[in-house]
Number of protein chains: 2
Amino acid sequence: MQRSRRNAVALLKVLRERIARREYPPGAKLLENDLAREFGVSRARVREAFGALEQRGLIRRIPNRGAEVVRLDLSQVSEIYEVREMLEGLCVRLAVQRSKPESWQDLVRLFGKPMERHVKRGEFEDYIAKLELLRRRTIVAARNRVLADMLDSINDRAREIMRRIIILPGRAEAGLKQHRAVLAAMRKGDAAAAERRRRENIRSSRDCLRRYESFIL
Amino acid sequence: MQRSRRNAVALLKVLRERIARREYPPGAKLLENDLAREFGVSRARVREAFGALEQRGLIRRIPNRGAEVVRLDLSQVSEIYEVREMLEGLCVRLAVQRSKPESWQDLVRLFGKPMERHVKRGEFEDYIAKLELLRRRTIVAARNRVLADMLDSINDRAREIMRRIIILPGRAEAGLKQHRAVLAAMRKGDAAAAERRRRENIRSSRDCLRRYESFIL
DNA sequence: GTCCACAATATTGTTGACAAATTAGTCGGC
DNA sequence: GCCGACTAATTTGTCAACAATATTGTGGAC
């Protein structure tokens, strides 16, 4: 039981990852039997995982017809971004209010020269990794579990789209500039300004998505 | 199968309701067998429902030890209110942006004399019902499914607390005044003002909770 | 060749039995 | 009488078989 329980936890994590990376592309059917065999887990476990994925909005289940990865259209992505803008903004504000300004110094430095290099050289994986680091640190500092869970769910759905936005022409440069503005406000301990800047950043990202919609979705 | 499927949907709804109404008080243990028998459903169904409840943060499951209703302390309620303030604010703003100002006229009237009567007479059930009506209408008008789902989840956790806040001395009067301000802005089509007022309303409600914490939690 | 009816296959939904773990109860030693 | 080890009962976790449903494949009429 201990063994299969580990497998079950791994299952959910792996499925989330595969969906986020479009290894299972939108519209792909997920078969209970195949996954059960692959992970050495009973079908009941797979079904349990499916339930979780469905609630997170990653898959859609139709009775007697199985589960498939949800296909996002622009309107749904817009909805996600509307919510994301508010929640990420709140997250940054709380993080600033609940931490010492000095604690962001290392990130300010990281987003200086090092990030500049990543952008110039087109090292998007590194760029994204450091962005993710900033996000994680902010969530921890915000000290709000409910918010953290919701951002987690939102990010599962938005991750792949964010990856596609970043490689758009000029987007990484603009994004870096905006993140520096956010960090500057955080470093000064100006919570309201940090929130404002973060929201501008996300809105700008959404505008970018809208402009290049046909290339992304 | 059709029969038990209906039962399964009912199960989740009823469990949410019972937890919200503190029929199952915080800390209460939920037994799979008992519920399966009561609803004429297999244990697998109950487990599925438990999974959903757990993800919504209504129950906590410990391996091999079962499920129990989560016990909220002030810090968790604060977290919920922080998120709720942002999301309800967003909801009102979107609702105003995406509907005609005239469409709120009936609610403006409803929140005039009729609500005044409810407050004066201490008819809290009616007061709450109409508040819920306003909320529903706003969510529909906002046209954002992701947001709607999150508000639904948040409200499940906050409902009973809201009921307890409303009966606090002077709270219903203050709340009504604030809701009128929100509706006035909505009626004028001023989305930003409506959002601001709604957030003020929720913050005020949270302040009230803080002051009377010991009587509520 | 196309369409429809029907059978064969594959997939999901459901159930009950069994295993593992926890909790409650009991007995004996001190 | 109190504590700890052992047993019994309860409860959760897992699985595999069975039923219901949907999908695919096949044959025949036209």
Side-chain angles (χ1 to χ4, degrees), chain A residues 1-19 22-71 156, chain B residues 1-19 22-71 156:
Chain A
M1 183 211 120
Q2 220 59 348
R3 160 90 156 292
S4 66
R5 175 140 202 99
R6 262 202 304 279
N7 287 351
V9 173
L11 171 64
L12 183 59
K13 209 171 126 190
V14 171
L15 289 183
R16 280 172 59 183
E17 196 56 34
R18 287 184 183 174
I19 293 173
R22 302 224 174 185
E23 199 170 322
Y24 297 145
K29 275 210 158 65
L30 301 184
L31 298 187
E32 298 179 355
N33 258 321
D34 294 358
L35 291 170
R37 258 198 303 273
E38 179 183 347
F39 287 87
V41 162
S42 72
R43 266 183 58 220
R45 278 287 181 201
V46 177
R47 289 179 129 266
E48 200 180 320
F50 278 12
L53 292 175
E54 185 180 24
Q55 287 219 328
R56 284 179 165 259
L58 292 178
I59 68 175
R60 191 180 53 156
R61 290 171 91 182
I62 305 172
N64 293 314
R65 294 194 50 185
E68 63 175 48
V69 179
V70 295
R71 200 185 296 275
D156 265 355
Chain B
M1 182 212 119
Q2 219 59 346
R3 160 92 159 290
S4 67
R5 176 141 201 100
R6 261 204 304 279
N7 286 350
V9 173
L11 170 64
L12 182 60
K13 208 172 128 190
V14 171
L15 289 183
R16 281 172 58 185
E17 196 56 33
R18 287 185 182 172
I19 293 173
R22 300 221 176 189
E23 200 170 320
Y24 297 145
K29 272 209 157 68
L30 301 185
L31 298 187
E32 298 180 357
N33 260 319
D34 294 358
L35 291 170
R37 259 197 302 273
E38 179 183 347
F39 288 87
V41 161
S42 72
R43 264 183 60 220
R45 280 287 182 200
V46 177
R47 288 178 129 267
E48 199 181 321
F50 278 12
L53 292 175
E54 185 179 26
Q55 284 218 330
R56 282 174 167 263
L58 292 177
I59 67 175
R60 191 179 53 157
R61 292 172 90 180
I62 305 172
N64 293 315
R65 293 194 51 185
E68 63 176 47
V69 180
V70 295
R71 202 183 296 273
D156 265 356

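Here the structure is a predicted model, which means the values were calculated and not measured. A, B, ... follow the sequence lines: proteins, then strands. Residue 1 opens every chain.
- Counted within 6.0 Å of CZ on A/R22, heavy atoms from surrounding residues, nucleotides or ligands total more than 12; the atom is thus considered enclosed.
- Following rounding to the nearest Å, B/E32 (CD) and D/dG13 (C1') show an atom-to-atom distance of 8 Å.
- Across the protein-nucleic acid pair, A/K29 atom NZ and C/dA10 atom C1' stand 13 Å apart, rounded to whole Å.
- Nearest to the side chain of A/A44, among D/dG13, D/dT21, D/dC15, sits D/dC15.
- Note: A/I19 CD1 to A/L15 CG = 6.0 Å, rounded to the nearest 0.5 Å.
- Here C/dG13 is the nucleotide among C/dT15, D/dG13, C/dG13 with the atom lying nearest to any side-chain atom of A/R47.
- Whole-Å rounding puts the B/E48 CD to C/dG13 P distance at 9 Å.
- Contact annotation: side chain of B/R61 to base of D/dG13, donor-acceptor pair absent below 3.5 Å.
- Residue A/N33 contributes atom CG, which lies 13 Å from atom C1' of C/dG13 at whole-angstrom precision.
- Relative to the side chain of B/N64, the nucleotides C/dA21, D/dC15, D/dT21 differ in distance, and C/dA21 lies closest.
- Counting heavy atoms from C-beta outward, B/R47 and A/R47 have side chains that stay 4.5 Å or more apart.
- The CZ atom of B/R60 lies 4.5 Å from the CD atom of B/E68; values are rounded to the nearest 0.5 Å.
- Taking the side chain as every heavy atom from C-beta outward, A/L58 and A/V69 never approach each other to under 4.5 Å.
- Within the structure, a side-chain polar atom (N or O) of B/R65 is placed less than 4.0 Å from OP1 or OP2 of C/dT23.
- Spacing between atom CZ of B/F39 and atom P of C/dT14 amounts to 16 Å, rounded to whole angstrom units.
- Across the protein-nucleic acid pair, A/L31 atom CG and D/dA22 atom P stand 17 Å apart, rounded to whole Å.
- For the pair B/R37 CZ and D/dT10 C1', the interatomic distance rounds to 11 Å; values are reported in whole Å.
- We find that CD1 of B/I62 is positioned 9 Å from P of C/dT23, with the value rounded to whole Å.
- One N or O donor and one acceptor, one from the side chain of B/R43 and one from the base of D/dG13, sit under 3.5 Å apart.
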